[in-house]
Engineer: 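If you scroll down you'll find the structure; I have some questions about it.
For the single chain, residues carry numbers from 1 onward in sequence order. Whatever order the structure lists them in is the order used to number ligands and atoms, beginning at 1.
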Amino acid sequence: MVNNAMTADFLRSAYGGESMAHMRYLIWAEVARKEGFKNIGTLFEAISYAEYVHANNHFNVLKEQKGDYTVPAGGVFGVGNTVENLQGAIDGELHEVEQMYPVYLNTAELQEEKGAKRSFHYALEAEKIHAKMFKESQEAAKNGKDYDLEAVYICSVCGYTVLDEAPEVCPICGAKKKVFKEFK
Ligand SMILES: [Fe+2]
Ligand SMILES: [Fe+2]
């Protein structure tokens with residue numbers, strides 16, 4: 001439920017941005033696999049799911065605001081090699097972490113929009129981790145190496161992303177281990 005037009009606009013734009021990130025990461029996962037970076041492919045696919053979780057959360061905050069909208073949303077375009085695609089991923093995540101979500105979150109706080117506040121907070125915290133993992137992956141790929149991981153776990157409530165083992169309790173949203181989805 002949303003009462004203020006500005007917060008509603010930001011939720012729709014964030015939904016658009018997350019939707020594109022979801023698809024873009026699936027496309028870049030295929031490129032990574034073709035180049036022999038199996039784990040970077042897994043990371044892109046797992047994080048694609050985290051972006052779906054964010055889009056789903058934003059969409060559901062707006063579930064009572066039915067209607068047809070044209071949605072302006074930023075999105076990184078282009079398909080290159082995996083090092084280049086990871087730069088696109090880093091740039092997109094950093095835009096969300098440094099610009100987009102802090103502004104959206106502050107607006108939701110100012111307008112006392114509880115649902116939007118939670119949804120933006122979950123996304124902001126998860127994107128910080130994504131930026132870090134994509135940077136580490138890019139460092140590996142620049143040296144011709146794959147990213148070192150056994151599996152990737154995504155919290156299906158907030159999109160929190162962690163390597164190798166899911167925690168008993170999600171550090172962002174408090175959900176239990178059983179809601180984590182595994183990618184390997
Ligand atoms: Fe992300
Ligand atoms: Fe979570």
Engineer: Vertex the Fe ion (ligand 2): angle to SG of Cys158 and SG of Cys155, to 10°?
Structural biologist: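 If I round to 10°, I get 110°.
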Engineer: Less than 2.8 Å away from the Fe ion (ligand 1), how many protein N/O/S atoms can be counted, ignoring water?
Structural biologist: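 If we list every protein N, O or S atom nearer than 2.8 Å to the Fe ion (ligand 1), we get 5.
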Engineer: Other than Tyr69, what residues sit in its cluster of Ile, Leu, Val, Met, Phe, Trp and Tyr side chains whose heavy atoms are under 4.5 Å apart, directly or through others?
Structural biologist: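 Cluster partners of Tyr69: Val71.
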Engineer: Taking Glu45 for its side chain and Ala29 for its backbone only, find out whether a donor-acceptor pair lies under 3.5 Å.
Structural biologist: no
Engineer: Does atom CD (Gln65) have a neighbourhood of more than 12 heavy atoms from anything else shown, all under 6.0 Å?
Structural biologist: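 More than 12 heavy atoms, drawn from other residues, nucleotides or ligands, come within 6.0 Å of this atom.
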Engineer: Heavy-atom count check: over 12 atoms from other residues, nucleotides or ligands less than 6.0 Å from Lys177 NZ?
Structural biologist: yes
Engineer: So, are Glu136 and Lys132 salt-bridged, with charged N and O less than 4.0 Å apart?
Structural biologist: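 Salt bridge present between Glu136 and Lys132.
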Engineer: Between Glu96 and His130, does the side chain to side chain donor-acceptor pair (under 3.5 Å) criterion hold? Intermediate values first, please.
Structural biologist: CA-CA 11 Å; Glu96 291 182 328; His130 297 170; over 6 Å; no
